Amino acid sequence: MSTATALRTFPDVRADFPGLTPGWHYLDTAATAQKPQAVIDATVNAMGRDYATVHRGVYARSADMTLAYEAARRRIAAFIGAKEEQIAFVRGATEAINLVAYSHPRKGRVLLSMLEHHSNIVPWQLAGWQVDVCPLTADGCIDLDAAEKLLTAEHKMVAFAHVSNVLGSPLDVARAAELAHRVGAELLIDGCQAVPRLPVDVAALGCDYYVFSGHKLYGPTGIGILWSDKLDRLPPWQGGGSMIDRVTFEKTTYAPAPTRFEAGTPAIIEALGLAAAVDYVGGIGVEAIHAHETALVAQLREALERRNSITLFGPENSAGIVSFAMAGVHPHDIGTILDENGVAIRAGHHCAQPLMAHLGVPATARASFGLYSNADDVTALVEGLARVERIFG
């Protein structure tokens, strides 16, 4: 499908997003996505009309809320090709990675990549893993040929981003899984940037753990997913109510997964909101979203490549994300001037300081698309950058 066709045939859904006020061009979806009215309504109803606790009440509303909460788990699991007992609700991808890093019974060497988010670096360090780093290809993808040479029997884990939050670089997860398993390691995938814009079937990918945050998938903040078909092999990470089987002062036994990882009163409202987000995205179709965002990326990269002042980072097939630098202008200044033009981008190190050092820049400007983005957003950004050039020229 051509760029023009993809943009012309994709439905205009901006009216579904009350946060997208007229004249405002939101290009920071990689940081957090705007919320459709369906998600807002689901959270409002869950917090108000339908609110009750789950799993503990014997009264009717609590039973109804428990059914809705567990139905949300099933809907979210189905969205990524998983079984409901394979996904645990956590506060976000950060907590999911921490959970695996701390709970994993075989701590050892972990292979990360140069493009990882801090949330896929710091937890492994804090939990006592020995970190090795896989380099990138010339166009900014994780170099799996290099990974193959780096991996040894000492590696117990490989943890890579499915899509880079800075470069939009997609990963061949199936090959990464094969390389990890060849040396007896497991593979954790950070899917925060992939799940909103790429079809994800965890069973087909072959990874051992897959994590993502709800707020990047058009859902609420404060909730995320840890998927694994090996959850029962992990001991609990946090203790408290709900995650137990039987408690005495001498000994406690724990509930099976995923309940053992959901200590305390869960994020009920957020779970129902995330399920509504999954339903909304599924109704449009992730394949269509991917084609739409791919067309927008191509349009923006083509426009920026014509400007001598602009340096583009990342591969041509970046997924929904375009990072760039402008000669002689700090990204924060770019972001400030664009804001005056009603264009919202991200400027900074994007929680990826090792990658910034690799790129030889203190920061980048980043435009990231969502399913509500359109060609007008690209035009507004390019016109805003022309103004930046005039100001600093």
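None of these values were measured; they are calculated from a predicted model. Worth knowing before you read on, the calculation uses all heavy atoms, side chains too, and leaves out hydrogens, waters and symmetry mates.
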Contact between Y209 and L234 at the side-chain level, heavy atoms closer than 4.5 Å - yes or no? yes
Within residues 334-343 or reaching into it, pairs that qualify as salt bridge (charged side-chain N to carboxylate O under 4.0 Å, His left out) - sequence neighbours excluded: E340-R387
If you draw a 6.0 Å radius around CZ in R307, do more than 12 non-hydrogen atoms from other residues or ligands fall strictly inside? yes
N341 and H25: side-chain donor and acceptor closer than 3.5 Å? no
May I ask you to test the D139-E316 pair for a side-chain heavy-atom distance under 4.5 Å? no
In one Ile/Leu/Val/Met/Phe/Trp/Tyr side-chain cluster, 4.5 Å: I244, V54: no
Between P236 and M243, which heavy-atom pair has the shortest distance, and what is it? CB-CE, 3.5 Å
Keeping K35 on the side-chain end and G219 on the backbone end, is there a donor-acceptor pair under 3.5 Å? yes
Just checking, is any N or O donor in the side chain of S113 or E116 under 3.5 Å from an acceptor N or O on the other one? yes
Main-chain N/O of V322 paired with S318 side-chain donor or acceptor, under 3.5 Å: no
Is it true that a side-chain atom of H292 and a backbone atom of S373 form a donor plus acceptor pair closer than 3.5 Å? yes
Rounded to the nearest 0.5 Å, what's the gap from CG on L187 to NE2 on H181? Could you check? 6.0 Å
Side chains of D190 and H117: donor-acceptor distance under 3.5 Å anywhere? no
To the nearest 0.5 Å, how far apart are CD1 in I121 and CE in M114? 9.0 Å
Any ion pair linking R306 and E302 (charged N to carboxylate O, less than 4.0 Å)? yes
Mind running side chain to side chain contact (heavy atoms under 4.5 Å, CB included) on L381 and I345 for me, showing each step along the way? CA-CA 9 Å; L381 173 58; I345 66 162; 4.1 Å; yes
Rounded to the nearest 0.5 Å, how far apart are CG of L205 and CG of D172? 9.5 Å
Determine yes or no for a side-chain-to-main-chain donor-acceptor pair under 3.5 angstrom, with R366 supplying the side chain and I321 the backbone. no
What pair of heavy atoms forms the shortest contact from P135 to A146, and how long is it? CG-CB, 3.6 Å
When you compare the side chain of W124 with that of L188, does any pair of heavy atoms fall below 4.5 Å? yes
Looking at V58, T66, D64, which hits side-chain contact (heavy atoms from CB on, under 4.5 Å) with S62? T66
Between I391 and D333, is there a side-chain heavy-atom distance shorter than 4.5 Å? no
Tell me whether V163 shares a hydrophobic cluster with L27, the cluster being built from Ile, Leu, Val, Met, Phe, Trp, Tyr side chains joined at under 4.5 Å. no
Backbone N or O of V166 within a donor-acceptor pair of the S164 side chain at under 3.5 Å? yes
Looking at every non-hydrogen atom in both residues, tell me the closest pair between P354 and H118 and how far apart they are. CD-NE2, 3.9 Å
Mind checking what makes ring-ring contact (aromatic ring centres under 6.0 Å, His included) contact with H104, not counting sequence neighbours? W129
Heavy atoms of other groups near R106 CZ, more than 12 under 6.0 Å: yes
Here the gap from I223 atom CD1 to I269 atom CD1, rounded to the nearest 0.5 Å, amounts to 10.5 Å
Could you tell me whether the side chain of F89 reaches within less than 4.5 Å of the side chain of P266, counting heavy atoms only? no
Looking at every heavy atom in both G206 and A177, which two are closest together, and how far apart are they? O-CB, 3.4 Å
Would the distance check show the side chain of D12 and the main-chain N or O of R14 forming a donor-acceptor pair, the cut-off being under 3.5 Å? yes
Does the side chain of M65 come within less than 4.5 Å of L272's, by heavy atoms? yes
Could you tell me which non-hydrogen atom of P235 sits nearest to which non-hydrogen atom of R260, and how far apart they are? CA-NH1, 4.2 Å
For D201, is the CG atom crowded, meaning more than 12 foreign heavy atoms sit under 6.0 Å from it? yes
Nearest 0.5 Å, please: how far is CG in L300 from CD in E305? 9.5 Å
Counting distance only, does the side-chain N/O of H350 pair as donor-acceptor with the main-chain N or O of G348 below 3.5 Å? yes
Residue pair K216 / C192: nearest heavy atoms and the distance that separates them: CD-CB, 3.8 Å
Check L115, N120, L144, V173 against F160 for a side-chain contact (heavy atoms from CB on, under 4.5 Å) and give me the one that passes. L144
Is it true that V131 and L179 fall in one hydrophobic cluster, defined by side-chain heavy atoms closer than 4.5 Å? yes
Decide if atom NZ of K83 counts as having more than 12 heavy atoms of other residues, nucleotides or ligands within a radius under 6.0 Å. no
Whether E178 and R175 form a salt bridge (side-chain N of Lys/Arg under 4.0 Å from carboxylate O of Asp/Glu) is what I want to check. no
Check whether R109 reaches the backbone of Q130 with its side chain - one donor and one acceptor, N or O, closer than 3.5 Å. no
Roughly how far, to the nearest 0.5 Å, is the CG atom of L171 from the CD atom of Q193? 14.0 Å
Does the side chain of Y69 come under 3.5 Å of the side chain of H55 through a donor N or O and an acceptor N or O? no
Heavy atoms, side chains only, cut-off 4.5 Å: are L126 and P123 in contact? no
Any side-chain heavy atom of Y372 sitting closer than 4.5 Å to one from L20? yes
N374 side-chain N/O to D377 backbone N/O, donor-acceptor pair under 3.5 Å: yes
Return yes if some donor-acceptor pair links the side-chain N/O of H349 with the main-chain N/O of C351 below 3.5 Å, else return no. yes
